[in-house]
Amino acid sequence: MQITFASYNIHKAVGLDRRRDPERILTVLREIDADVVALQEVDRRYGRRMAVLPLDAIHSGTDYVPVPLSMKPDSLGWHGNAILVRKGIDLVEAAPVPLPVLEPRGAIRADLSIEGRRLRVVGMHLDLSGIRRRHQVRSVLAHCSGCDARVPTVMMGDLNEWARHGGCLREFDGGWQVLAPGRSFPSRRPMATLDRIIVSAEWSVLGTGVHHSPLSAVGSDHLPVVASLSLPKI
């Protein structure tokens, strides 16, 4: 079973031209055409934390359904994190993942069923502080270890980790493979691999990459990252 995953920090849909353009972000998502997408910075930071991607536009303009995780009526995600799944993928359960934070950061988990196979997806946006990032990764790993079922897992998001192999990436032991699809930040001239995808041992990696199109180059300060993965038959 082959599944494509993507992670995209959409910068509240404000592009390098300083315009907030939700339709541009939705077009980039259609370009990527992943099965499961983790988004960061999908809500405005202040006030009612309104979603910058209108829910009706997602339903009518894409093949995606947002995983219901919002704790606020006008928001799309949890602390700006959201997961979109292709229509036809079943949601088993979903929950926010508590993180030690001083600033508004977060993580979310969704257990999905695809062709009868259960898998777990975690989307996250980690802290600017290196020490706190390590604590946050430990919290995510502990949360997944405490789930009832042990299933193939994909973690992805803006880790804010500038180190290529060190920092918070050291928290992932030999049971995890940390993928660096490529330089994703800043989008105009990418220098850093801040956006990562981490997979459990059950997955085979078919390919990874950074989605660099004319729209994604200006739609956000990050570029989307993508991984094509497969699971063996049970």
Side-chain angles (χ1 to χ4, degrees), residues 5-14 34 36-46 49 51-52 67 69-71 75-84 94-110 120-147 153-173 175-187 190-200 208 210-211 220-227:
F5 296 85
S7 178
Y8 190 15
N9 183 332
I10 67 171
H11 197 234
K12 302 175 182 62
V14 177
V36 181
V37 183
L39 298 176
Q40 302 87 50
E41 296 193 23
V42 299
D43 297 331
R44 302 190 189 209
R45 187 165 184 173
Y46 302 106
R49 305 287 179 88
V52 297
V67 170
L69 275 161
S70 175
M71 303 301 173
S75 298
L76 183 62
W78 165 257
H79 285 301
N81 291 271
I83 294 175
L84 306 181
V97 180
L99 294 185
V101 295
L102 287 180
E103 56 182 319
R105 302 287 181 182
I108 51 178
R109 170 183 62 86
R120 180 166 296 136
V121 178
V122 176
M124 52 188 166
H125 189 187
L126 301 187
D127 205 280
L128 296 174
S129 161
I131 293 176
R132 200 162 294 115
R133 281 198 299 273
R134 298 189 72 160
H135 293 164
Q136 290 171 344
V137 171
R138 291 172 193 170
S139 295
V140 171
L141 292 172
H143 175 88
C144 290
S145 296
C147 292
T153 300
V154 176
M155 302 181 181
M156 51 186 172
D158 178 3
L159 272 58
N160 269 314
E161 181 58 73
W162 286 75
R164 295 184 66 86
H165 305 289
C168 70
L169 305 178
R170 291 198 182 103
E171 299 299 321
F172 297 100
D173 60 25
W176 298 94
Q177 184 176 359
V178 180
L179 308 179
R183 297 176 181 178
S184 58
F185 179 86
S187 56
M191 297 184 297
T193 55
L194 300 189
D195 302 276
R196 298 293 190 107
I197 299 175
I198 302 102
V199 301
S200 59
T208 65
V210 176
H211 181 76
S220 168
D221 58 348
H222 285 248
L223 294 171
V225 296
V226 182

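Position 1 is the first residue of the sequence, and the numbers go up from there.
- The side-chain heavy atoms of Asp173 and Leu141, taken from C-beta on, include no pair separated by under 4.5 Å.
- The shortest side-chain heavy-atom distance between Pro96 and Leu69 falls under the 4.5 Å cut-off.
- Contact of the Arg196 side chain with the Leu126 side chain is not registered, since no non-hydrogen atoms from C-beta on lie closer than 4.5 Å.
- Gln40 and Gly157 get closest at one heavy-atom pair: NE2-CA, 3.5 Å.
- The distance from the SG atom of Cys144 to the CZ atom of Arg109 is 7.0 Å, given to the nearest 0.5 Å.
- Atom CD of Glu41 is separated from atom CG of Asn81 by 9.0 Å, given to the nearest 0.5 angstrom.
- Here the straight-line distance linking atom OG1 of Thr193 with atom CG of Leu179 works out to 11.5 Å at 0.5 Å rounding.
- What you find for Pro100 and Gln136 is that their closest heavy atoms are O-NE2, 3.1 Å.
- The backbone N or O of Leu76 sits less than 3.5 Å from a side-chain atom of Asp43, completing a donor-acceptor pair.
- The shortest side-chain heavy-atom distance between Pro190 and Val210 does not fall under the 4.5 Å cut-off.
- With salt bridges taken as basic N to acidic carboxylate O contacts below 4.0 Å, one links Arg133 and Glu161.
- Note: Phe185 and Trp162 have perpendicular aromatic rings, judged against thresholds of 30 and 60 degrees for the angle between ring planes.
- Looking at Leu159 and Leu169, their side chains come closer than 4.5 Å, going by heavy atoms from C-beta outward.
- The shortest distance between side-chain heavy atoms of Trp176 and Met155 falls below 4.5 Å.
- Val140 has its side chain out of reach of Glu171: every pair of non-hydrogen atoms, C-beta onward, lies at least 4.5 Å apart.
- When every heavy atom of Ser139 is checked against every heavy atom of Leu99, the shortest pair comes out as CB-CD2, 4.0 Å.
- Within 6.0 Å of CZ on Arg134 lie more than 12 heavy atoms contributed by other residues, nucleotides or ligands.
- Screening Asp195, Val226, Thr208 for a side-chain contact (heavy atoms from CB on, under 4.5 Å) involving Pro181 leaves a single residue, Thr208.
- Atom CZ of Arg138 has more than 12 heavy atoms from other residues, nucleotides or ligands within 6.0 Å.
- Rounding to the nearest 0.5 angstrom, the gap separating the CG atom in Leu128 from the CG atom in Asn160 is 5.0 Å.
- Taking each heavy atom of Ala107 and Met124 in turn, the nearest pair found is CB-CB, 3.7 Å.
- Taking CG of Asp221 as the start and CG of Asn9 as the end, the distance is 6.0 Å to the nearest 0.5 Å.
- Taking CZ of Phe5 as the reference point, atom CD1 of Ile83 lies at 10.0 Å (rounded to 0.5 Å).
- No side-chain heavy atom of His79 sits less than 4.5 Å from a side-chain heavy atom of His125.
- The shortest non-hydrogen separation linking Ile108 to Val97 is C-CG2, 3.9 Å.
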